[in-house]
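Fair warning: this is a prediction, and the values are worked out from it, not measured in the lab. Every chain is numbered from 1, with letters handed out A, B, ... down the list of sequences. What you see below is based on every heavy atom in this structure, not just the backbone, and it leaves out hydrogens, waters and symmetry mates.
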Protein chains: 2
Amino acid sequence: MRNEEIPNPAVYRLSFYLRQLESFHRGDRHTISSKQLGEALGYSDAQVRKDLAYFGQFGHPGIGYRVDELIHQLKKILGTDKISHVLLVGAGNLGRALLAYKGFVHKGFKIVAIFDADATKVGRKIGDLLVRSDQDIASVVAELQIRVAMLAVPVQAAQAVADQLLAVGIKGILNFAPIALNVPGDVVVQSVDLALQLEQLSFRMTLGDSSPGDESSL
Amino acid sequence: MRNEEIPNPAVYRLSFYLRQLESFHRGDRHTISSKQLGEALGYSDAQVRKDLAYFGQFGHPGIGYRVDELIHQLKKILGTDKISHVLLVGAGNLGRALLAYKGFVHKGFKIVAIFDADATKVGRKIGDLLVRSDQDIASVVAELQIRVAMLAVPVQAAQAVADQLLAVGIKGILNFAPIALNVPGDVVVQSVDLALQLEQLSFRMTLGDSSPGDESSL
């Protein structure tokens, strides 16, 4: 499975399939056809089959997909079948919002440490976690074997903090600062640009778009 | 220009073109070729020309694109050439983070009112704004002619608040709750699912993806 062969939107749809399957699972549904899965999300059954075919053979003739089996497979593909430890840099409003966000643990991510450069924030407790000095990043990453970080720092500090994270072996960054980070080729950055989201909303309102909300979730 | 004809990823790339052009503009660059614009973002020149062609004819033979002209055109297309008033529901950590976010005003969005259902938060000042009771939404929307709302409320409250917003004429919602909102066809929802972002990061790390960070910003 090579990344170049799989279109990015297909990978996003994978996340939507997973959510929908989990919803079916909660509703005690055991099997599902590509048509039913597609209909629930507004995609054609051909689209569903094509997307899933990038990653393997999951259907059973005459049955369709087994819901729990496909959930398990998709989680494995997405790498969220195990709990991953994540560190968070930035104990401001956004950092606190991320810590309070309910969705992460359910998706296999646990924030296990939070850091801030601001000495007045260090030592404060947020939820179950004590804010630590950014000087401690190296030792914590080594001790807890963390590979993923969330960056919720001001835009001016983002590249310097990213460099600090890369130096201690972080390989994936979820970046909330509105800046394109410079990272080496073996490091993955996923950026969440909130203004861009609003810009896209504005565009779709201008057009009079009428697609359902979950189709345009990003 | 009909929405069905324009692929969603092209609209996202429009936002990236705009950011890159603004960066060129700050660097006192006056004209740019599709090749140069593409190279700065990791796209081919053919891709750039194809994306822009969905929206009109912007290039000048022998010159390429005029940077300020193309910025103006793209903002017009995205509907961000004027300042839009936005309301925010939810004065928790995420709401406060959104209020403090520097990127919105620059992109043509101004949060002009913030609401919360929690009486203990109503009347508090956050930045320049006083938190208002959600009972006041209708009167404020009417007075300030607001059409766009950000939803930063707990997932259990999201649909009820969305219904409340729709009832007073809101036509676009930037939704941060991890739930697909049910809205009528003339309303646009853009959802920001933070766990999904982390899931996608995880997937790309599993694959050993090495594309630059800004290409995968969403």
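Shortest non-hydrogen contact noted between A/Ser15 and B/Leu196 is CB-CD1, 3.6 Å. When all heavy atoms are compared, the tightest approach of A/Tyr101 to B/Leu194 is OH-N, 3.4 Å. When every heavy atom of B/Phe104 is checked against every heavy atom of A/Leu198, the shortest pair comes out as CD2-CD2, 3.6 Å. Heavy-atom minimum distance, B/Val148 versus A/Leu201: CG1-CD2, 3.7 Å.
Open room surrounds NE2 on A/His25; 12 or fewer heavy atoms of other groups in view lie less than 6.0 Å from it. The number of heavy-atom neighbours closer than 6.0 Å to NZ of B/Lys171, taken from other residues, nucleotides and ligands shown, is above 12. For A/Lys121, the NZ atom sits in a packed shell: over 12 heavy atoms of surrounding residues, nucleotides or ligands are nearer than 6.0 Å.
Of the inter-residue distances, the one linking B/Leu174 atom CG with A/Gln200 atom CD reads 11.0 Å to the nearest 0.5 angstrom. A distance of 7.0 Å separates CZ in B/Phe16 from CG in A/Asp193, rounded to the nearest 0.5 Å.
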- Go through the steps to decide whether A/Phe203 and B/Val188 satisfy the test side-chain contact (heavy atoms from CB on, under 4.5 Å), and finish with yes or no. CA-CA 10 Å; A/Phe203 171 77; B/Val188 182; over 6 Å; no
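Here A/Glu199 pairs with B/Arg19 in a salt bridge; the nearest charged N to carboxylate O distance falls below 4.0 Å.
Between the side chain of A/Arg147 and the main chain of B/Met205, no donor-acceptor pair closer than 3.5 Å is present. At distances below 3.5 Å, at least one donor-acceptor pair connects side-chain atoms of A/Ser202 with backbone N or O atoms of B/Leu78. Between the side chain of B/Arg204 and the main chain of A/Val189, a donor-acceptor pair closer than 3.5 Å is present.
One side chain, B/Gln190 or A/Gln197, offers a donor N or O that lies under 3.5 Å from an acceptor on the other.
For chain A, the option among B/Leu18, B/Ile173, B/Leu98 with the highest count of heavy-atom pairs below 4.5 Å is B/Ile173.
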